[in-house]
**Student:** 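The structure is given below, and queries will be raised subsequently.
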Amino acid sequence: KANQYTEALALNQKILTLLEAENNPRQIAAIYNNIGFDYNSLKDYDESIEYFLEASKISKKNKLKGLDAIYTNIAIAYQNSGNAQKSLDYLQLALRNIPFSEKQKRLETENLISSLYFYEDDLYNAQQYNGSVINSGVAKQHPELLSEGYLIAARIHEGLYEFEQA
């Protein structure tokens, strides 16, 4: 599988060279994001973050859509590299860039934030985000998200020694 990502990386880098000559910011940002994904898959998180950051810079400068997804990718790369705080910072930034009309995407991002807070033993913030996830999951009748939300809630209550609520 690593071979596939190495091949994809080489192809994406060739495409980037061609696109830079055309000066198409949307496509260039997409290729930077793809290269970041390739590096992340190859476990080269520092390179991955550099490419994702460049994609975010281009997207922000040109007011392109999808900045929230790039911020989420940066968060994942930081989490993979062991930097939970930077990961949380970028997930928060992603959440701020998701329109309120995109409720499902906001809910999924809140779920990621809740889980990350939980795994970092910040049970207070985990509980805050998780409550929102559960409330939205009930309202939307989203069984998969509710299952994840209730599992995290039980673990939070266990961590707070609130065994009856767990």
Side-chain angles (χ1 to χ4, degrees), residues 1-6 8-9 29-30 32-57 59-60 65-166:
K1 205 169 188 180
N3 221 13
Q4 291 175 326
Y5 292 116
T6 303
L9 176 61
Y32 269 102
N33 188 61
N34 289 352
I35 292 172
F37 181 83
D38 294 336
Y39 276 119
N40 194 58
S41 298
L42 292 168
K43 298 181 181 5
D44 188 343
Y45 305 121
D46 291 337
E47 282 294 312
S48 174
I49 290 166
E50 281 186 43
Y51 277 90
F52 286 141
L53 287 172
E54 187 62 28
S56 72
K57 190 169 101 178
S59 294
K60 191 173 183 178
K65 291 182 179 182
L67 193 54
D68 59 298
I70 296 170
Y71 287 148
T72 300
N73 289 341
I74 295 169
I76 291 167
Y78 272 121
Q79 178 62 26
N80 289 340
S81 72
N83 192 333
Q85 187 55 57
K86 282 264 196 190
S87 180
L88 279 167
D89 292 344
Y90 275 96
L91 283 173
Q92 296 282 1
L93 195 52
L95 186 60
R96 285 194 297 273
N97 279 274
I98 300 170
F100 285 100
S101 61
E102 293 186 38
K103 292 178 182 175
Q104 182 65 31
K105 193 185 270 191
R106 292 184 65 79
L107 188 58
E108 290 167 357
T109 303
E110 286 177 342
N111 190 43
L112 285 173
I113 293 170
S114 171
S115 296
L116 190 50
Y117 273 126
F118 172 76
Y119 290 112
E120 289 301 307
D121 284 329
D122 184 344
L123 300 181
Y124 174 79
N125 282 312
Q127 194 169 38
Q128 297 302 308
Y129 281 94
N130 194 59
S132 175
V133 168
I134 289 173
N135 290 338
S136 296
V138 168
K140 290 182 162 278
Q141 297 182 346
H142 195 293
E144 184 180 312
L145 212 49
L146 276 173
S147 174
E148 290 176 29
Y150 283 129
L151 177 62
I152 293 292
R155 290 179 176 167
I156 290 168
H157 288 298
E158 179 184 29
L160 294 170
Y161 303 105
E162 298 171 341
F163 299 110
E164 287 184 23
Q165 283 122 330

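Computed from a predicted structure; not experimentally measured. Note that these values count all heavy atoms, side chains included, but never hydrogens, waters or copies made by symmetry.
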**Student:** What's the spacing between Lys103 NZ and Glu108 CD if we round to 0.5 Å?
**Tutor:** 14.5 Å
**Student:** May I ask you to test the Glu120-Gln85 pair for a side-chain heavy-atom distance under 4.5 Å?
**Tutor:** no
**Student:** Nearest 0.5 Å, please: how far is OG in Ser87 from CD in Gln92?
**Tutor:** 10.5 Å
**Student:** Closer than 4.0 angstrom, basic N to acidic O: yes or no for Lys57 and Glu54?
**Tutor:**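 Yes, Lys57 and Glu54 are salt-bridged.
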**Student:** Which pair of heavy atoms, one from Tyr32 and one from Ala55, lies closest together, and at what distance?
**Tutor:**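 For Tyr32 and Ala55, the tightest heavy-atom pair comes out as CB-CB, 3.7 Å.
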**Student:** Checking side-chain contact (heavy atoms from CB on, under 4.5 Å) between Glu110 and each of Leu145, Asn130, Ile98, Leu95, which is the one that passes?
**Tutor:**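 Of all the options given, the one that passes is Leu95.
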**Student:** Please round to the nearest 0.5 Å and tell me the distance separating atom CD of Glu50 and atom CD1 of Ile35.
**Tutor:** 12.0 Å
**Student:** Find out whether Tyr119 and Arg155 are in side-chain contact, i.e. whether some heavy atom of one side chain is under 4.5 Å from a heavy atom of the other.
**Tutor:**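 Sidechains of Arg155 and Tyr119: in contact.
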**Student:** If you round to the nearest 0.5 Å, how far is CD of Gln4 from OG1 of Thr6?
**Tutor:** 10.0 Å
**Student:** Which of these passes side-chain contact (heavy atoms from CB on, under 4.5 Å) with Asp44: Tyr5, Tyr39, Tyr51?
**Tutor:**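 Output: one option passes, namely Tyr39.
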**Student:** Sort out for me which residue in Ile113, Ile74, Ile76, Asp68 forms a side-chain contact (heavy atoms from CB on, under 4.5 Å) with Leu91.
**Tutor:** Ile113
**Student:** Hey, are Asn40 and Asn80 close enough side-chain-wise for a donor-acceptor pair under 3.5 Å?
**Tutor:** yes
**Student:** Shortest non-hydrogen contact from Gly36 to Ser48?
**Tutor:**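 Here Gly36 and Ser48 meet closest at O-OG, 2.8 Å.
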**Student:** Looking at residues at least two apart in the chain, or sitting in another chain, which of them share a salt bridge (charged side-chain N to carboxylate O under 4.0 Å, His left out) with Glu148?
**Tutor:** none
**Student:** Roughly how far, to the nearest 0.5 Å, is CD1 of Ile152 from CZ of Phe118?
**Tutor:**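 Answer for the CZ-CD1 pair, Phe118 versus Ile152, is 5.5 Å.
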**Student:** Taking the six-membered ring for Trp, are Tyr78 and Tyr90 parallel (under 30°), tilted (30 to 60°) or perpendicular (over 60°)?
**Tutor:** parallel
**Student:** Measure across Ser59 and Leu67 and return the closest heavy-atom pair with its distance rounded to 0.1 Å.
**Tutor:** CB-CD1, 3.8 Å
**Student:** Using modelled atom types and a 3.5 Å cut-off, is there a donor and acceptor pairing between side-chain atoms of Asn135 and backbone atoms of Gly131?
**Tutor:**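 Present.
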**Student:** Which atom names give the shortest non-hydrogen contact between Tyr71 and Ser56, and what distance separates them?
**Tutor:**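 Distance-wise, the nearest heavy atoms are CE2-CB, 3.9 Å.
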**Student:** Can you name the nearest heavy-atom pair linking Ala94 to Thr72, along with the distance?
**Tutor:** CB-OG1, 3.4 Å
**Student:** To the nearest 0.5 angstrom, please state how far the NE2 atom of His142 sits from the OG atom of Ser147.
**Tutor:** 11.0 Å
**Student:** Given side chains that start at C-beta, do those of Glu47 and Leu42 come closer than 4.5 Å, heavy atoms only?
**Tutor:** no
**Student:** Looking only at non-hydrogen atoms, find the nearest pair between Ile134 and Gly149 and report the distance.
**Tutor:** CD1-O, 3.6 Å
